[in-house]
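Below is one structure, written out as structure tokens, with a few remarks after it.
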Amino acid sequence: MEIEKLMTNDKFKDTTEQILRQLSQCVDDYYDDNIIRQDSLLLTYFHQLANFTGIPSVDDTKKISIEPSSEPSAASLTASLDPTDWKSARAEAHKMLDISLDFIEKARDRPAWIPLPNEVRHRIMSEVLPEHGKPMTDVCQDIIDDVLPYSGGNTHPRFWGWVHGSGTVGGVIAEMMTAAMNSNVGLCSHSGVLIERQVIDWMKQLFQFPKTTAGGIIVSGTSMAAVVCLAVARYHALNKVRQDGLVTLGVQLVAYASTQTHVCVAKALELLGLGVQALRLVPVDEEYRMNIEALKIMIEEDRQQGFVPFCIVGNAGTVSTGAFDDLSALSIVARENNIWFHVDGAFGSFVVLDPSRRHLIDGLSEADSLAFDFHKWLHTPYAAGCVLLRQISMLNATFSSPRNYLVGTKRGFAGDTPWFCDMGIELSRPCRALKVWFTIKEHGIIRLGQSIAANCDQAQYLANLLSKYDFIQVLTPVSLNIVNFRVEPDALKNSDPETVDIFNDELVNDLQEKGIAVPSTTRLKDRLHIRVCITNHRSTLPDFDFFVNALIDLCRSRIALMNK
């Protein structure tokens, strides 16, 4: 056969052998003389790379040609979803990239938030299931008209509601490349797997987790990370739970967290079959930190009643006030009682990058598990959170479920074990790590830390502005980046607290609907407060001047309207 003669040609063999020897420098035990065989698809590919003149076709009566047919079948034409006109598709893609960059660059030129018009809402919600497609340009125009202008608004400099990141241009590029690769990082050997491992190693270094034993995975966010971490804590307490289940074991586990803990912890306990009744809410002090003595008493009382304490949850920045529990004290209590110590560091854990506030997370490195988000204070595109454990082996013990169709190998595409799918819930996992890797490489941890410090300083600036008005009650101290305040005008001095709650709630709605800014609300000591949470790298001090002036004007307008 002519092909066989070509593949045994000395020049061809020398070229492929050279390439394989070069690969052996990158992958242990990769090179093996046995894989240089005539029927190797890998050799055929390397043959093409070596710039040979071409593989001759074989007569139809002898063997089917390996050359692609010059006339594709109708089936192959209809199977592909790639563009039929690449030039036009490329032009449209470039146009949409420019629109995306304009959207970020000109964020300040837009209102902070634009309510969805009824006609747009109707167009989006009433469209029938498409049976036949329409040109890419038309679909892109639908995004331009009905989607982009009415997005959440968190790219705007005065978006301070909840805890949202602001995104970056680098994040757009990274997400574009992630979509182009379309990798499943749950398994196998490819760059996405290595990128995630590298990001995890960086986080181990950043949070001072043990170099040799620690590890983790990247998930969608801290809510999912809480499920993963508490599942590991449950397995730590009951290592037969995977086989026998909670009912058979007949053990009632309980966990402890402060009254300020995020709802994701309660949801995780529900999903794990423990129920929200398994969560003991520990009272807090005047600065909204967990009361350590109260915790110790609750643990002892539960043990006396036959319950099994299995997890203590510490907060590195609570969602309402930004308070930090005493993580060092909690780690000691957990160790003395052989209880898993988990830290919810959704956004506050990244004060590790701010030298002036790094002391707030003292003790975090002693945690058994840590959950946090990259899409908040590191501003990576949604969604990217992280699970970090002192003992990575606990992830495998909790989640690994080997199957004969999911078997890693020493080399080949199924190499690079252990697989991430054995360390969590997801088998199909997007490459969430690339945007994190890109952000850290582009800006560096010093610049990211400066941005975090600036937000905290801005919170102090805003608190000082508000304090100049005697009818605005600012909740102090402002410990991090969150300012809570309550407007109590003289006109409402004789009103009941619920009326003042409504007044403050309406002020927030006014600020949002007029596109001035997007604060949120929270309840502290059973009273509604306006909450400004500053995790926005585009915010400047004049933004807060503008916000306070607008707030005062709206307050006066509402009072005037009430008087009429």
Side-chain angles (χ1 to χ4, degrees), residues 160-163 257-262 281-295 313-330 343-364 372 376-377 449-488 497 500-501 504 508 517 519-536 539 541 543-545 547-548 551:
W160 303 314
W162 301 274
V163 190
S258 86
T259 55
Q260 298 298 301
T261 300
H262 193 276
L281 294 178
V282 184
V284 295
D285 60 21
E286 288 300 312
E287 295 184 10
Y288 295 93
R289 300 174 302 185
M290 185 189 295
N291 186 315
I292 304 297
E293 292 305 314
L295 168 67
V313 179
N315 288 301
T318 57
V319 68
S320 286
T321 66
F324 284 75
D325 291 332
D326 186 339
L327 302 180
S328 293
L330 290 180
V343 174
D344 183 337
F347 69 99
S349 58
F350 275 116
V351 297
V352 69
L353 299 178
D354 176 8
S356 65
R357 297 175 176 86
R358 190 175 294 155
H359 65 279
L360 293 171
I361 60 165
D362 286 350
L364 185 147
F372 58 94
K376 289 187 169 74
W377 237 346
Q450 290 170 343
S451 180
I452 289 170
N455 285 159
C456 296
D457 293 339
Q458 289 165 350
Q460 297 292 338
Y461 180 80
L462 174 60
N464 291 335
L465 287 179
L466 294 168
S467 298
K468 295 177 182 178
Y469 299 90
D470 57 5
F471 60 92
I472 298 180
Q473 307 303 316
V474 180
L475 185 72
T476 56
V478 175
S479 60
L480 199 63
N481 64 321
I482 299 174
V483 181
N484 290 289
F485 63 94
R486 183 173 167 85
V487 180
E488 300 177 347
V500 181
D501 286 350
N504 279 265
V508 169
S520 60
T521 63
T522 190
R523 283 193 169 270
L524 299 168
K525 298 181 179 178
D526 202 33
R527 294 275 65 89
L528 185 138
H529 287 68
I530 299 174
R531 176 177 170 275
V532 174
C533 179
I534 311 166
T535 50
N536 194 317
S539 300
L541 295 184
D543 285 311
F544 299 99
D545 294 327
F547 168 74
V548 173
L551 174 74

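Index from 1, following the sequence. Since we're looking at a predicted model, the values are computed, not measured.
- Listed by chain and residue number, D501 satisfy the salt bridge (Lys or Arg N to Asp or Glu O under 4.0 Å) test with R523 (two or more places apart in sequence, or in another chain).
- From T521, atom OG1 reaches atom CG of N484 across 9.5 Å, with rounding to the nearest 0.5 Å.
- A distance of 4.5 Å separates CD in E286 from NZ in K525, rounded to the nearest 0.5 Å.
- V163 and R531 make their closest contact through CG2-NH2, 3.6 Å (heavy atoms, listed as atom of the first residue, atom of the second, distance).
- Scanning all heavy atoms of the two residues, the minimum distance from N504 to V500 falls at ND2-O, 2.8 Å.
- The shortest distance between side-chain heavy atoms of R289 and D326 does not fall below 4.5 Å.
- A donor-acceptor contact closer than 3.5 angstrom is absent between the side chains of T535 and N455.
- Remark: side-chain polar atoms of Q458 are not paired, donor with acceptor, to backbone N or O of I534 under 3.5 angstrom.
- Proximity of R357 to L480: side-chain heavy atoms (C-beta onward) are separated by under 4.5 Å at one or more points.
- Inspection of the T261 and D344 side chains reveals no N or O donor paired with an N or O acceptor under 3.5 Å.
- The ring of W160 has its center closer than 6.0 angstrom to the ring center of F544.
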Side-chain donor/acceptor pairs under 3.5 Å, residues 464-476, sequence neighbours excluded:
| from | atom 1 | to | atom 2 | distance (Å) |
| --- | --- | --- | --- | --- |
| N464 | ND2 | Q460 | O | 3.2 |
| S467 | OG | A463 | O | 2.7 |
| Q473 | NE2 | D470 | O | 3.2 |

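- Across all their heavy atoms, I482 and A459 have their closest contact at N-CB, 4.3 Å.
- Atom CG in N481 sits 9.5 Å away from atom CD1 in I452 (nearest 0.5 Å).
- Nearest approach of A316 to L327, heavy atoms of both residues: CB-CD1, 4.4 Å.
- Among residues two or more places apart in sequence or in another chain, the side-chain contact (heavy atoms from CB on, under 4.5 Å) test is passed with D362 by S328, H359.
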Carefully, step by step, assess F485 and V532 under the rule side-chain contact (heavy atoms from CB on, under 4.5 Å).
CA-CA 9 Å; F485 63 94; V532 174; 4.0 Å; yes

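- G314 and L330 get closest at one heavy-atom pair: CA-CD1, 3.7 Å.
- Looking at heavy atoms from C-beta onward, V483 lies out of side-chain contact with Y461 at the 4.5 angstrom threshold.
- Here C456 contributes atom SG and W377 contributes atom CH2; the two are 3.5 Å apart, rounded to the nearest 0.5 Å.
- Between S320 and L524, the closest side-chain pair of non-hydrogen atoms falls below 4.5 Å.
- A distance of 5.5 Å separates CE of M290 from CG of L295, quoted to the nearest 0.5 Å.
- To the nearest 0.5 Å, the span separating CG on L364 from CZ on F372 amounts to 9.5 Å.
- Minimum heavy-atom separation, S479 to L360: O-CD1, 4.3 Å.
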